[in-house]
Every structure is written in structure tokens, then in C-alpha cells.
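Below: one structure, written as C-alpha cells.
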Amino acid sequence: GQQVMQIPQYQHVQEGEDFTTYCNSSTTLSNIQWYKQRPGGHPVFLIQLVKSGEVKKQKRLTFQFGEAKKNSSLHITATQTTDVGTYFCAAGTSYGKLTFGQGTILTVHP
Amino acid sequence: DGGITQSPKYLFRKEGQNVTLSCEQNLNHDAMYWYRQDPGQGLRLIYYSQIVNDFQKGDIAEGYSVSREKKESFPLTVTSAQKNPTAFYLCASSAGQGAYEQYFGPGTRLTVT
């Protein structure tokens with residue numbers, strides 16, 4: 001089945017530093033979604049990317065979809081303690097099924 | 001207040017017992033999903049249903065069963081055949097087939113001893 005690799009598995013940053021997580025697939029993706037899961041919580045949808053080369057921004061978060069639609073990234077500028085959690089990418093299919101990456105656990109030291 | 005509810009939040013069972021996890025949504029969503037989350041492994045799809053009275057196996061369906069008799073409900077049974085049932089189980093729903101965001105419930109943490 002479809003596999004999505006996400007790196008790094010862990011990232012520790014000082015508050016104010018930037019953070020990036022990467023998602024890679026060996027096959028072309030129809031779309032990619034990003035979710036955030038706070039410690040002890042459940043995943044919450046952040047954004048969906050559909051078009052080749054698409055870039056979307058949400059305040060300090062920047063999401064990119066690669067030109068070949070095989071990779072994606074999430075970049076957080078100037079992290080805050082509220083950014084703590086696990087960030088997942090999820091590759092979508094045309095019939096609604098999602099394949100999740102392993103997630104990147106972000107810790108932010110004040 | 002629209003959303004997905006899962007109950008209970010914590011569940012403890014003895015090995016060899018079947019257990020059913022509840023998932024209810026009032027979002028009028030057609031599609032519903034069950035995931036299992038283990039540390040360091042992300043979310044793995046157990047079963048999904050795109051319409052009432054129909055469901056498909058996901059990537060790790062062995063030892064699990066589901067039903068979808070009502071649009072609002074998608075219960076998951078963890079059977080005694082599941083070799084490592086202790087995990088965090090998440091239910092989700094989406095508006096339908098295609099590229100829709102998924103809404104997750106709060107999860108049930110199942111511990112089997």
C-alpha cells in the first residue's frame with residue numbers, strides 16, 4: 001500500500017527558533033493534509049494541499065507541496081510553547097482514505 | 001454542539017475478552033474511520049465506511065470488526081484474536097469520499113492485561 005515517510009521523528013527547539021517537518025512519498029499524491037495533535041489530545045486538521053507547487057500560509061505556519069506532488073513540508077517560524085505537539089502529514093486518495101506519516105514530535109523549550 | 005464522541009475515554013479489559021468501542025457523530029458525515037495509534041507509529045487505519053451498511057478493511061483489520069447500521073454510529077469491536085490490543089483508538093469522520101478533512105473524536109485508550 002501507499003507509504004508516507006515523515007522526518008524527523010523528534011525535534012527539540014528553543015522558543016523563537018524555526019521548525020520544519022518533511023513528508024515524502026515514492027508515488028505521486030493526489031493531495032496531502034496536515035494535522036496537529038496536542039499532547040493527550042486528538043489530531044486536528046490544519047490544511048490541505050492539492051496543486052503541484054502549492055504554498056499556503058497560516059500565520060507563522062507555511063505549508064508546501066512539491067512540484068512533483070511527492071513531498072510536502074510544514075515550516076513554523078519563531079516557535080512558541082503553544083506549538084508543542086505532534087505534526088502529521090496524511091496522503092489522500094481520491095476515495096477519501098488517508099495514509100498518515102509517523103509524525104514529528106515537537107518540543108519547545110521556553 | 002456538533003462533533004464526534006467516543007466512549008469511554010479509558011477502558012480496561014482482561015485478555016481473551018471482546019470489547020466494543022463506541023463512536024457517534026452528529027456532523028451528518030457519510031464517511032467514518034477507525035485508527036489505531038501506537039507510540040512512534042502514527043495513525044494506522046483499521047476500518048472505514050463510506051456509507052451506511054458498507055465498510056472496508058484498512059491496513060490492520062485483523063482481529064477487529066465493525067458495523068455501520070446507522071449513519072451516526074460506527075462501533076469497533078476488538079476481538080480476542082487481536083494479538084496486541086492495547087493502544088489508543090481514534091474514530092474520525094469526513095463529509096464524504098474524496099479529499100475531505102477528517103474530524104477526530106477524543107479517542108479511547110484501551111488497556112488489555
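Looking only at distances, a side-chain donor or acceptor of A:Q33 sits under 3.5 Å from a matching main-chain atom of B:Y100.
Of all residues spanning residues 10-23 of chain A, none has a heavy atom less than 4.5 Å away from chain B's heavy atoms. Of all residues in residues 44-74 of chain A, those placing a non-hydrogen atom less than 4.5 angstrom from a non-hydrogen atom of chain B are A:F45, A:Q48. Contacts between residues 99-110 of chain A and chain B, defined by a heavy-atom separation under 4.5 Å, are made by A:F100, A:G101, A:Q102. Of all residues spanning residues 78-91 of chain B, those with a heavy atom less than 4.5 Å away from chain A's heavy atoms are B:F88, B:L90, arranged by number.
If you chain together hydrophobic residues whose side chains sit under 4.5 Å apart, B:V19 and B:L76 fall into the same group. By the rule that hydrophobic residues join a cluster once side-chain heavy atoms approach within less than 4.5 Å of another member, A:V4 and B:Y33 end up as members of separate clusters. In the hydrophobic cluster analysis, where Ile, Leu, Val, Met, Phe, Trp and Tyr join through side-chain heavy atoms closer than 4.5 angstrom, B:F74 is grouped together with B:L110. Hydrophobic cluster membership differs between B:L11 and B:I4, with clusters built from Ile, Leu, Val, Met, Phe, Trp and Tyr side chains linked at under 4.5 angstrom. Residues B:L45 and B:M32 fall into different hydrophobic clusters, defined by Ile, Leu, Val, Met, Phe, Trp and Tyr side chains chained together at heavy-atom separations under 4.5 Å.
Here OH of B:Y35 is found 4.5 Å from CG of A:L98. Values are rounded to the nearest 0.5 Å. Atom CG of B:L43 is separated from atom CD of A:Q37 by 6.5 Å, given to the nearest 0.5 angstrom.
Neither the backbone nor the side chain of B:Q56 comes within contact range of chain A, judged by heavy atoms closer than 4.5 Å.
Of the listed residues B:G107, B:G105, B:A92, B:G58, the one with more heavy-atom pairs under 4.5 angstrom with chain A than any other is B:G105.
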